Every structure is written in C-alpha cells, then in structure tokens.
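Here the structure is laid out as structure tokens; the discussion comes afterwards.
Here the structure is a predicted model, which means the values were calculated and not measured. Along the sequence shown, residues are numbered consecutively beginning with 1.
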Amino acid sequence: MVSVKVRDGESIEDAIRRFKRECESSGVMQEIKNREFYKSPSVLKKEKIAEAKRKIRRKMLKDSAWKR
C-alpha cells in the first residue's frame, strides 16, 4: 500500500507527482497491468519459460562478450 503525506507548503501537484513515483517504484502499476486480463495457467507457464530462456540468452551473450 503506497501512501504519501502532503508536506507543509507542498502543492498538490507535487504530492501527486511523488505518489506516482512511489507507485512506479513499488511495482503497483506493473501488477495492475498483469492482472488486467485473466491468463490461464498454461499461458503463465509459457511466459515464465520464455522469460527464463531470455535471461539465459542474455547471460550467455554478456559472458561471451566479456571473454573477448
């Protein structure tokens, strides 16, 4: 739960900007986007496997570039 208290002399716009920044850094917006539509368990599993493959590929490319 993200909460922001308005400081003395702070404008509402600044408080809203700070609130948006806190929401972004805590991952609230990403969680909302992920839960916007239902995904079946099989789709979630495929996405998880694809993400793992991407991570492995990135790591291998990084390691091979480092060895050169």
Under 3.5 Å, which donor-acceptor pairs link side chains of residues 47-54 to any protein atom two or more places apart or in another chain?
residue: Glu47; atom: OE1; partner: Lys39; partner atom: NZ; Å: 3.2
residue: Glu47; atom: OE2; partner: Lys39; partner atom: NZ; Å: 3.2
residue: Glu51; atom: OE1; partner: Arg54; partner atom: NE; Å: 3.3
residue: Glu51; atom: OE1; partner: Arg54; partner atom: NH2; Å: 2.6

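Qualifying salt bridge (Lys or Arg N to Asp or Glu O under 4.0 Å) partners for Lys20, counting only residues two or more places apart in sequence or in other chains: none. With sequence neighbours left out, Arg18 forms a salt bridge (Lys or Arg N to Asp or Glu O under 4.0 Å) with Glu10.
With rounding to the nearest 0.5 angstrom, the CD atom of Glu31 is 13.0 Å from the SG atom of Cys23. Expressed to the nearest 0.5 Å, how far CD1 of Ile32 lies from CD of Gln30 amounts to 10.0 Å.
Here the closest non-hydrogen pair linking Val2 and Ser26 is CG2-OG, 3.4 Å. Among all heavy-atom pairs drawn from Val4 and Ala15, the shortest one is CG1-O, 4.1 Å.
Taking hydrophobic clusters as Ile, Leu, Val, Met, Phe, Trp and Tyr residues chained together by side-chain heavy-atom distances below 4.5 Å, Phe19 does not share a cluster with Val6.
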